[in-house]
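Inspection log for the structure reproduced underneath, given as structure tokens.
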Amino acid sequence: MYDPTRLAALVAVAEAGSITRAAERLGYTTPALSQQLAKLEREAGTALLVRHHRGARLTDAGELLVTRARRVLDELERARLELARLTGLTGGTLRLGTFQTAGIHLLPPVLSAFRRAHPDVELTVADYEPSAGVAAVAAGEIDLALTHAYDPGDPIPVASSVRIEPILVEELVLVSAPGHALTSGPARLPLTELAGQPLISMAPDAPARRGVEAVLAGAGALPSVLVPTPGYLLVCALASAGLGVAVVPEMVARTSVTPVGVRALEGGGLRRTISVAYRAAETAPAADAFRAVLRGTFKRAQQSPP
């Protein structure tokens, strides 16, 4: 049995007329390609090339093997394409939904990795609030949706046809203006220290944040500015300007475009879980492959230091 990589090297030399030029085309060094060709000659049991000062030419045995090698390599390429079509990872479209934080900070490297692995799959990305993204998956409008839920918090309604796969859990942390007393200590801050503090609130009537806001209100934090929609860029900017403190996901705090003080909260009981929603009954290889890339990327994000 001949190694297809070595057969491809011999074909490249036949086409280029030179080991050096063939090495440049294949991305090898000349010595590395020469080693591959020498191994192929040992496998064949005869000389395949005659080296000369202007390059290299095929022997009769080399000509015979190149003719057969082209057929073998063509068949292998056809097999690769047919397998890709069979698994659904060539052509077609993968429709994605994402909420803003994940779309800005986590999705781009996933998209890059997926595109490198499956360049023939067309990608579309749309912005959805968490509950709307899950509903869009159930309705068949998109294939996957990044969504999130808070703990404590109201669960997102999920149709029976949809599965939710958690891929990242992050704590909520306190953010403030740089140098604020509450975010200056190294230890976790007890929630009782929030009593009487002006809070930039995501509004108690926002479903995703209702449980979190209730905990903060129970600790005695006093809403000073209400932000009814989850616009964390705005929340961090207001905290940075000294208009109050805020409790936001750790990823939001780490990637804030405005300077903020950050401190973990005692107990670690306030969390956000990021998940991917997908239709359970469908066989969708592209969606499955994308979910696998998501798992790896989100795992690395979760393990990276603050």
Side-chain angles (χ1 to χ4, degrees), residues 1-94 96 105-125 143-144 284-305:
M1 295 292 291
Y2 297 115
D3 186 320
T5 301
R6 294 171 195 156
L7 292 176
L10 182 64
V11 171
V13 173
E15 293 174 349
S18 158
I19 295 176
T20 300
R21 287 193 293 272
E24 291 173 354
R25 290 183 184 182
L26 296 173
Y28 286 98
T29 63
T30 299
L33 186 60
S34 295
Q35 290 177 10
Q36 293 294 317
L37 293 167
K39 290 178 181 177
L40 182 61
E41 288 183 318
R42 287 197 294 272
E43 290 173 349
T46 186
L48 301 173
L49 292 166
V50 175
R51 282 84 166 168
H52 52 81
H53 69 281
R54 288 179 297 178
R57 64 174 179 81
L58 296 172
T59 64
D60 289 344
E63 291 279 6
L64 184 151
L65 190 55
V66 163
T67 300
R68 300 291 192 274
R70 286 192 172 109
R71 295 175 187 171
V72 169
L73 294 172
D74 286 346
E75 285 298 318
L76 287 174
E77 178 61 13
R78 288 193 191 96
R80 186 191 70 80
L81 293 174
E82 288 173 8
L83 284 172
R85 282 192 291 270
L86 185 65
T87 58
L89 291 175
T90 183
T93 300
L94 182 62
L96 307 170
H105 300 296
L106 288 177
L107 194 57
V110 181
L111 290 170
S112 294
F114 186 84
R115 173 56 55 81
R116 287 193 299 271
H118 309 294
D120 296 327
V121 178
E122 181 182 345
L123 296 169
T124 67
V125 183
D143 302 303
L144 298 172
D288 291 344
F290 196 88
R291 284 166 50 215
V293 179
L294 273 173
R295 290 185 205 106
T297 303
F298 276 65
K299 183 178 181 180
R300 289 191 295 274
Q302 192 168 25
Q303 292 174 343
S304 63

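The analysis underlying the following values was restricted to heavy atoms, covering all of them including side chains, and did not include hydrogens, waters or symmetry mates.
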Heavy-atom nearest pair, S34 first then I19, reads OG-CG2, 3.7 Å

Shortest non-hydrogen separation from A61 to T46 and the atoms involved
CB-CG2, 3.7 Å

Looking at L33 and A23, what are the two nearest heavy atoms and their distance?
CD2-N, 3.4 Å

Any heavy-atom pair between the side chains of D143 and F290 that's under 4.5 Å?
no

For a side chain to side chain contact (heavy atoms under 4.5 Å, CB included) check, start with the C-alpha distance between L65 and L7, then their side-chain angles and the critical distance, and finish with the verdict.
CA-CA 8 Å; L65 190 55; L7 292 176; 4.1 Å; yes

Could you tell me which non-hydrogen atom of L26 sits nearest to which non-hydrogen atom of A9, and how far apart they are?
CD1-CA, 3.9 Å

Non-hydrogen atoms of A289 and F114 that approach each other most closely:
CB-CE1, 4.0 Å

Drop me the distance from Y28's OH to T20's OG1, to the nearest 0.5 angstrom.
15.0 Å

Separation between CG (L48) and OG1 (T59), nearest 0.5 Å, reads 5.5 Å

Do NZ/NE/NH1/NH2 and the carboxylate oxygens of D74 and R71 come within less than 4.0 Å?
no

Any heavy-atom pair between the side chains of V13 and S18 that's under 4.5 Å?
no

Please identify each residue that fulfils salt bridge (Lys or Arg N to Asp or Glu O under 4.0 Å) with E24, with sequence neighbours left out.
none

So E41 and Q36, do their side chains get closer than 4.5 Å, heavy atoms only?
no

Are the side chain of R21 and the backbone of A16 linked by a donor-acceptor contact shorter than 3.5 Å?
yes

Do L10 and L37 come close enough that some side-chain heavy atom pair is under 4.5 Å?
yes

Please name all residues satisfying salt bridge (Lys or Arg N to Asp or Glu O under 4.0 Å) with E43, sequence neighbours left out, ordered by chain then number.
R6

Looking at CG of L294 and CG of L144, how far apart are the two atoms once the value is rounded to the nearest 0.5 Å?
7.5 Å

Taking only residues two or more places apart in sequence or in another chain, which ones pass side chain to side chain donor-acceptor pair (under 3.5 Å) with T5?
D3

Check: V121 main-chain N/O paired with H118 side-chain donor or acceptor under 3.5 Å
no

Using every non-hydrogen atom in the two residues, find where L123 and L96 come nearest and quote the distance to one decimal.
CD2-CD1, 4.5 Å

Would Y2 and V72 satisfy side chain to side chain contact (heavy atoms under 4.5 Å, CB included), going step by step from the backbone distance to the final call?
CA-CA 10 Å; Y2 297 115; V72 169; over 6 Å; no

Worked check of side chain to side chain contact (heavy atoms under 4.5 Å, CB included) between R70 and V11:
CA-CA 7 Å; R70 286 192 172 109; V11 171; 4.0 Å; yes

Quick test of your reading of the model: are E75 and R68 salt-bridged, counting only N-O distances below 4.0 Å?
no

Could you tell me whether the side chain of L49 reaches within less than 4.5 Å of the side chain of R57, counting heavy atoms only?
no

Under 3.5 Å, is there a donor-acceptor pair between the side chain of E63 and the main chain of L58?
no

